[in-house]
Structures are given as structure tokens and as C-alpha cells.
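Structure record follows, encoded as C-alpha cells.
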Amino acid sequence: MNENKRSHRCGELRDSDIGKDVTLMGWVHTQRNLGGCIFIDLRDRDGVTQIVFDPDIAGAALGLAAEVRGEWVVGIKGKVRSRGKNANTRISTGAIEVAATELEILARAKPVPFPIENEVNASEETRLKYRFLDLRREKLQKNFILRHKFNQVVRRTLDANGFLEVETPFLIKSTPEGARDYVVPSRVHQGKFFALPQSPQLFKQLLMVAGYDRYFQITRCFRDEDLRAERQPEFTQVDLEMSFVSPEDVQNVVEGVLANIWKELLDVTLPTPFERISYDDSMNRFGVDAPDMRFGLELKDLSSVVKGCGFKVFVDTVANGGVVKAVNLSGSGEWSRKDLEELEEVVKPYGAKGLAWLKIKEDQTLQGPIAKFFTPDDQANLKQALSLKVGDTAVFVADRLKVANAALGNLRKHVAKKRALVAKDQFRFVWVVDFPLFDYDEEAKRYSAAHHPFTSPKPEHADKMLSDPASVKAQAYDIVLNGIEIGGGSIRIHDQALQSRMFEAIGIGDVEAHAKFGYLLDAFQFGAPPHGGLALGVDRIMMLICGTDSIRDVIAFPKTQKQTDLMLEAPAAIDDAQLTELAIKLIEAKKA
RNA sequence: GGGGUGGUAGUUAAGUUGGUUAUAACGCCGGCCUGUCACGCCGGAGGCCGCGGGUUCGAGUCCCGUCCACCCCGCCA
């Protein structure tokens, strides 16, 4: 075994290989010493093969095999033979075993802190500290094999569509809008800082100006915001941009990419084109801008129905400009008082002050704490508006529109999950289109860009940008899968005058705009083609493909919720010499 | 920044109204065992009960603070 060469991988041998002399190398998954003979399950990322050390043929290797422990790295030579009726049907190589004649210990291993098995027993903390061991688990290896394939399909498909892969810089300039930037000090220019890109947005637009029509990149983006189960401080996007296109052109390309991915990774044929829903419809019917349309439980606005009823909370809310929205929970089973109290807890984090409910009794009358406030006429109207039948339960939130939508929109997702209303392996893609161009920032008392400030308004709305910003729709679109936003994009502004008007609308003056984005505005003076694009969130898509709830299962070396790396113990202090070189002095440095 | 859940042996967990020597499983170490595949059987070692205070005759258990992990809200153009 001097050459360190394998003849096969550990998932490869079949009964057609019986009789062959083979060399396998890998990790000792388990060792079973029966006294006379010893079995070793040898593992690599390809699979597991049973090695048997038979005293009749193993010779000196038998004694060595007795010493071997879990996760040692070994090489073995031997002959493939049938396991006959001892075959193991649970592994791909189960029909055969290798009768070893030689064993070489390539690396010993300390006892591992947790077993290398698919069923995760160890805590997240332990797993992250020993990430290189966690990554040995078959489940994670499968995820990263799929992620590799994802990248291959993206590159192949976009290449076939005439896209060029171009790399853009990581050390760039901090921008005022958007998320918090990660910042890198400059040694050469003391007191000045680079920022890491939140996305390659401006570069891809400059590439369009440069004539590199149809650009793409699979690239890292950095945002210094707090984490969630589906959010990491550095994450990966498939970023793409095209010139001389409509939103539909971009959407077609993206549908083609996603269809190829689902076909090749999951053998699922996606029906195209995907469904489309307007932002307004999505908010009205589902309460959120990323609707999960795999199940019903749609929201209904009952403001006009209840504005004259006897329930003061509803009446006052509507009179003060709020809304009363409701969801008929029919089709999700019986709801006890205790269940409904739990739902109230679901809704509270979104600012809802309470969750009213009504049930329809056998005799068609309403039951519930608020039932007495409704006249027979009101009751009839409610029943009709919510399509309430005997046995149904409806829940109500009365609040500002934003709160009512968020509360009930997330409640319906919660109910669907809890009551298992969604069939497994269902993929419902939908385009959400006609987003508003602006958001009103209630704290700053001004409008800000809903998507980003380079998003083009719908042409017919462009003249209302300053006079009636709230009504302006953007040529912006998100792609949503099963209620999760997996990508978004827009047609961009390519006209310098329009771009200036956009900055004006969001309160960025000429001077500031030129200071921050001068290079883009300059570029627009030298022949900018109409262009648009989109970015896909690779990590979130991989979560859905791999069927996991944690983004850490699809990122090889992820960070904790507090943005640390438990394996590297990063971030870490740097020494004084480095600080001096950067001309940085720490103030009130929190002791690590 | 706020809310919630958790932290006890290498790992995962149990630990009663505060009360003698803190349990179990897996793993680890030693012994036996020739068809196992979660091998089996016998024996053994292994503890800063996250950390720091406090209450108490006495704290894994009660109180205060703090650190870490996870989930959620805010935040994420």
C-alpha cells in the first residue's frame, strides 16, 4: 500500500465486483470485534463498505485491526466476496464485503466528541466547534454535494443563455442606504475604510454600461445585521443582469435556471411560467409580501362589515383609520380555547394587542367572547364575508393595517405548519410583482426606496414620484417559493435625470448623491442601456432543496447567531502593532 | 436593543418540597467472544452541576448578575 492509491471508493463495490483485489481507504465508521474475526465499516463521502478480518486469511492485519478505533483513517487491501445471506440491505454495498489481507493505519484519532451519525444528538454549540466532524455526517455531505450541483447547473444554464461570469470586488465603498456595512480599515490610507459589498448591485449596472450584456456571478454578500434561522452575515447570491429587457425577459431566464436545478437535483419538473401575483393582492390576501400559496386560510378585510357593530374595539379601530382583518380557520380542525390562546401568543410579537375569535355553533349562532356584540344582521354579514359554516372558527385582528397583516399573515403560516396543511415535497413558486417604489419611514418622516434606489418606477408612474410617491409602483419583482423570498430584482433606472429625481424623492440631495454614487451617475452620461436583473439567495434555495430549517445546514462553515465562528474563535482582537499600522485606537473595547 | 427556551461526565439527558456518596444511556479503558452490522457479555475510570455573587446549618435545586447556544420581534435599501 505504499502508493497510497485507492482502487475504489467506499460506496462503489457491488456483487459484480466479487473476486476482485481492491484497495480501499477511509474512516473507520465502526469496529466490531467478535474475538475471532473483526468487522470494520469503512466510510468515505461515497458510502460505507464492510471489511472483514478473517483469521484464516487476514494474517498480521487481524492484530492491527483489533487496535483500530472509530474515526481512525486506514487503508486496506483485500478481495471482494459475497456476503450471501448475511447481506445488509440498508447500505448500497451491502451485498459484498472485502476480506482484508493488509491493513495500514494512516492516522489515529482521538475519541470524537459526538458520534458521526445522521441523527444529530450533539448540541449546535458542540457541532459548530467541531465543524469538521459535523461535516463528516452523511446528511451534511449530501447537502453540500447538492450545493455543488446547484452551482454547476447555474453556470451551465446561464452560459447556454449567453451570460458572462465576471467577478467584482469585495473591497468597495460604504453606501448610505440599506443594511449596515462590514468595514475594513485601509493601511495605506489611514483613517479610511473599505466596505464589503451588500451585493454587487452597482458593479453589475456598470457592467451593463460597459456593454457586458448578460452578466452573472455566484458571489458572497455581506450584511452586518442580526441573524435568523435563514440569515447569515455572509451569504451567497446568484447575481445576474441583462440589457434591453423587460421584467418578463429576466423572469423567463430565472425560471429556466430554477427549472433546470429542480430537474437535475430533485428530478422534479417545474411547470413554467410561474404564477404571478401583485404585491397589493399578496398583502391583502396573505398579509405578507412572500405568500405561501400551498394552502388557503386567506385574510379578509372586514372593516366595512364591522364598522357599525356593537364591539367598541372594532368600531374604534376602523374609525381611527385601522382595519379589522380575519381568517377563517376552516379545514384546520377543531380549535379549543387553549389552542386559541396559543394563537394569540403567535400574533403578539407582531404588535397585535389581541386575537378575537368566533365559532359557528350547530344552530348557526356565533359563539365566543365577542359574539354578544353582533346583531343578527351583523352575524349574517360576517358569516357571508368569511364563508363561515357550522363548526368553523374565525380569528380577528383589529389594528393598523401593517400590524393586522403581519399578525394574521404569520399566523396562517404558523397554523399551516402546526396543523400539517401542506403536503410534503410540494414546491409552489410565485412571482410577486408591482412592488411599491417607496416605503414611508415613520421615524424619519420621509420616503425611502422600498427595493433599492436604482429601481425604475413603472413608466406610467414616473411623473408621480415627487407629487404622490405612495402610489408609485416599481418595475420590481420577487421570486417566492413556499412562502420564502428566494430572490428579487428589478428593471433599473438608466437615465441620469430619472436617477436624480429618485434621489430627490428619498431625500438624498445632489451633493450627497454625487459623493456616494457619483461614479454611477457619471457612467449614465456615457451611454447607459436600459437594463434589469435579479439576484437569487442561494442559501435559502438550498435550505428548501435540502429540506432543512437551518441555514447552517447548507453553509460549510457558518457563524452563530452572535456572528462568531466557534471553531476559529473569530472575531478576535488584533495586536497593538496591527492597530498602530492601521492608525486605529480602540475606545471602550469590550473585553472578550 | 427586546422577548423566549436551554446550559449537569467526552456526548445526550434525569435529578422530587433545598438534605448523606449527583444518576442513566452512549462513548472511553480493561477482560471474554469466529458472522457482526446500534454485535454481545463482565468489570472499571470519568463531574468547576456554564461563570460570579447572595440567601441558608446546608444550594445542581431558591434569588441577583453575567457568559454561551438556539428561536422570535426590531433590524435585514
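Residue numbers begin at 1 in each chain, while the letters A, B, ... track the order of the sequences.
Both distances falling under 3.5 Å, in either a Watson-Crick or a G-U wobble arrangement, occur for no nucleotide opposite B:U56. Nucleotide B:U16 is matched to nothing when pairs are restricted to Watson-Crick or G-U wobble geometry with both distances under 3.5 angstrom. Look at B:A69: its Watson-Crick or wobble partner, with both distances under 3.5 angstrom, is B:U5. Pair assignment for B:G40 gives B:C32, based on Watson-Crick or G-U wobble hydrogen-bonding distances that are each under 3.5 Å.
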Can you name the atoms? Protein N/O to nucleotides 67-72 of chain B N/O, anything below 3.5 Å, with the distance.
unit_1	atom_1	unit_2	atom_2	d
B:C68	O2'	A:Glu125	OE2	2.6
B:A69	OP1	A:Thr560	OG1	3.1
B:A69	OP1	A:Thr564	OG1	3.1
B:A69	O4'	A:Glu125	OE1	3.3
B:C70	OP1	A:Gln561	N	3.2
B:C70	OP2	A:Gln561	N	2.8
B:C70	O3'	A:Arg552	NH2	3.1
B:C71	OP1	A:Arg552	NH1	3.4
B:C71	OP1	A:Arg552	NH2	3.2
B:C71	N4	A:Gln561	OE1	3.4
B:C72	OP2	A:Ala229	N	3.1

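RNA chain B is contacted by both A:Pro111 and A:Ala122; A:Ala122 maps to the nucleotide lying nearer its 5′ end (nearest heavy atom per residue). With RNA chain B read from its 5' end, the first of the two nearest nucleotides for A:Gly70 and A:Pro113 is the one closest to A:Pro113.
Separating the CZ atom of A:Phe235 from the C1' atom of B:C75 is a distance of 14 Å, rounded to the nearest angstrom. Between the CD atom of A:Gln31 and the C1' atom of B:C28 there is a distance of 13 Å, rounded to whole Å. Straight-line distance from the CZ atom of A:Arg137 to the C1' atom of B:U11: 14 Å, rounded to whole Å. The nearest whole Å value for the distance from the CZ atom in A:Arg231 to the C1' atom in B:C73 is 11 Å. For the pair A:Gln198 CD and B:C76 C1', the interatomic distance rounds to 9 Å; values are reported in whole Å. Nucleotide B:C75 holds its C1' atom 12 Å from the CG atom of A:Asp441, rounded to whole Å. Rounding to whole angstrom units, CZ of residue A:Arg180 and C1' of B:G74 are separated by 11 Å. Rounded to whole angstrom, the span from the CD atom of A:Glu71 across to the C1' atom of B:U11 amounts to 14 Å.
In this structure the side chain of A:Leu534 never reaches within 4.5 angstrom of the side chain of A:Gln251, judged on heavy atoms.
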* For A:Val397 and A:Leu355, run side-chain contact (heavy atoms from CB on, under 4.5 Å): C-alpha distance rounded to whole Å, both residues' side-chain angles, the deciding distance at 0.1 Å, then the answer. => CA-CA 6 Å; A:Val397 170; A:Leu355 188 72; 3.7 Å; yes

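Within residues 338-348 of chain A, no residue is approached by RNA chain B to less than 4.0 Å at the level of any non-hydrogen atom.
Ring centers of A:Phe222 and A:Phe170: under 6.0 Å apart, within the cut-off. Separation of the A:Phe454 and A:Phe517 ring centroids falls under the 6.0 Å cut-off.
If you check distances only, the side chain of A:Arg223 never reaches the base of B:C76 with a donor-acceptor pair under 3.5 Å.
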* To do: Mark up nucleotides 30-37 of chain B, 5' to 3', with B wherever a protein heavy atom is under 4.0 angstrom from a base atom, S wherever such an atom reaches only the sugar-phosphate, and - elsewhere.
  => S--BBBBB

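Of the P atoms belonging to B:G10 and B:U55, the separation is 31 Å, rounded to the nearest Å.
Shown here for A:Asn118 and A:Arg137, the closest heavy-atom pair between the two residues is O-NH2, 3.1 Å.
Using a distance-only test at 3.5 Å, with no hydrogens or angles considered, a donor-acceptor pair links the side chain of A:Ser199 to the main chain of A:Gln201.
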